[in-house]
Amino acid sequence: MQFLSSSVGRKVLMAITGFFMLFFVTVHLMGNSSVFIGPSALNTYAEKLHSLGILVWIFRGFMFLMLAVHVFFGITLTLENSAANPSKYAKSRKLKATFAGRTMIWTGALLLAFLVYHLLQFTFRITPDILPAAVANRPGDVYGMMLGSFRIATISLVYVAAMVTLFFHLSHGIQSFFQTVGCSNDNTLPKVTMVGKLISVLFLVGYSAIPALILAGILKK
């Protein structure tokens with residue numbers, strides 16, 4: 001409990017839970033990238049994932065716990081820092097922090113909202129663009145559901161905007177992770193910052209390419 005009562009301990013928990021979520025978005029991107037191979041590849045991947053049964057739900061439960069801890073302590077630390085000395089904190093933070101650093105709480109909130117929408121769309125399949133009849137007749141056609149959704153310009157734009165938000169969140173989050181675990185100092189900070197941005201760009205391009213290519217008609221049946 002003493003560990004959780006200190007700001008250092010809470011930052012360590014933020015770093016650990018953030019690492020697990022970075023691992024998740026990496027694995028998720030690798031799986032979704034099978035869409036570039038074709039319908040059979042993506043649908044086979046989805047089918048194998050579904051066949052894991054309880055293991056998938058255990059993994060989802062673990063990731064939900066990591067997310068809940070990350071969100072809770074993210075809000076807690078932000079409120080504590082703001083309450084410590086509001087005017088001085090705000091001024092010094094603006095001078096030292098980057099745009100990504102200053103907006104972490106807001107990009108995090110936007111990503112949380114997007115996650116809820118994404119789950120409602122492709123996991124629970126209850127959004128208007130996922131037609132109930134198509135789901136009933138072709139329950140394993142994930143590729144078809146992607147095509148049907150991302151052909152709608154508004155939905156594709158929402159996904160690309162979410163990935164831009166993820167870029168900003170990760171570009172600062174990865175840097176913060178290395179600083180928290182003691183792997184960054186004044187000499188290595190520029191390199192760590194560059195690594196964080198490069199990794200974030202890979203996610204931005206990798207994830208955004210799917211709705212962009214479908215909307216452009218390059219990925220199709």
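Between Thr127 and Phe122 the shortest side-chain heavy-atom distance does not fall below 4.5 Å. Contact of the Phe114 side chain with the Leu166 side chain is not registered, since no non-hydrogen atoms from C-beta on lie closer than 4.5 Å.
Residues His172 and Ser176 have side chains that bring a donor and an acceptor to within less than 3.5 angstrom of each other.
Each of Ile37 and Tyr143 belongs to its own hydrophobic cluster when Ile, Leu, Val, Met, Phe, Trp and Tyr are linked at side-chain heavy-atom distances under 4.5 angstrom. Placement of Phe23 and Leu202 in two distinct hydrophobic clusters is found when ILVMFWY residues are connected by side-chain heavy-atom separations under 4.5 Å, directly or transitively. In terms of hydrophobic clustering, with Ile, Leu, Val, Met, Phe, Trp and Tyr side chains grouped at heavy-atom distances under 4.5 Å, Met30 and Leu204 are assigned to different clusters.
The CG atom of Leu110 sits 12.5 Å away from atom CG of Leu115, with the distance rounded to the nearest 0.5 Å. Annotation: the span from Phe24 atom CZ to Leu29 atom CG amounts to 11.0 Å, rounded to 0.5 Å. Note that CD of Glu47 and CG of Asp141 are 12.0 Å apart. Values are rounded to the nearest 0.5 Å. Considering CG of Leu22 and CD1 of Ile199, their distance stands at 6.5 Å, rounded to 0.5 Å. With rounding to the nearest 0.5 Å, the separation of CZ in Phe99 from CZ in Arg102 is 7.0 Å. To the nearest 0.5 Å, atoms CE (Met146) and CG (Leu213) are separated by 12.0 Å.
For Ser171, there are no side chain to side chain donor-acceptor pair (under 3.5 Å) partners at least two apart in sequence or on another chain. Listed by chain and number, the residues in a ring-ring contact (aromatic ring centres under 6.0 Å, His included) with Phe124 amount to none (sequence neighbours excluded). For Thr180, the side chain to side chain donor-acceptor pair (under 3.5 Å) test picks out no residue, with sequence neighbours left out. By the ring-ring contact (aromatic ring centres under 6.0 Å, His included) test, Tyr45 is found to be paired with no residue, residues two or more places apart in sequence or in another chain being considered. Qualifying ring-ring contact (aromatic ring centres under 6.0 Å, His included) partners for Tyr117, counting only residues two or more places apart in sequence or in other chains: none. The ring-ring contact (aromatic ring centres under 6.0 Å, His included) check on Phe19 picks up Phe177, with sequence neighbours excluded. For the side-chain contact (heavy atoms from CB on, under 4.5 Å) test, residues two or more places apart in sequence or in another chain that qualify with Val201 are Phe167, Val205.
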Using atom types as modelled, flag every donor-acceptor pair under 3.5 Å from a side chain in residues 55-76 to any protein atom, sequence neighbours excluded.
unit_1, atom_1, unit_2, atom_2, d
His70, ND1, Met14, O, 3.2
His70, ND1, Thr17, OG1, 2.9
Thr76, OG1, Phe72, O, 2.8

Distance-only donor-acceptor hits, side chain of residues 154-163, under 3.5 Å, sequence neighbours excluded:
unit_1, atom_1, unit_2, atom_2, d
Ser156, OG, Phe150, O, 2.6
Tyr159, OH, His118, ND1, 2.7
Tyr159, OH, Gln121, OE1, 2.4

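Shown are Asn43, Val35, Thr44; of these, the side chain to side chain contact (heavy atoms under 4.5 Å, CB included) with Val142 is made only by Asn43.
Remark: the backbone N or O of Gly101 is paired with a side-chain donor or acceptor of Thr98 at under 3.5 angstrom.
Within the structure, side chain to side chain donor-acceptor pair (under 3.5 Å) pairs that include any residue of residues 29-42 comprise His28-Asn32 (at least two apart or interchain). Applying the side chain to side chain donor-acceptor pair (under 3.5 Å) test to every pair with at least one member in residues 193-212, sequence neighbours left out, gives these pairs: Gln175-Thr193.
Connectivity analysis of hydrophobic side chains (ILVMFWY, heavy atoms under 4.5 Å, direct or indirect) links Met194 to Leu198.
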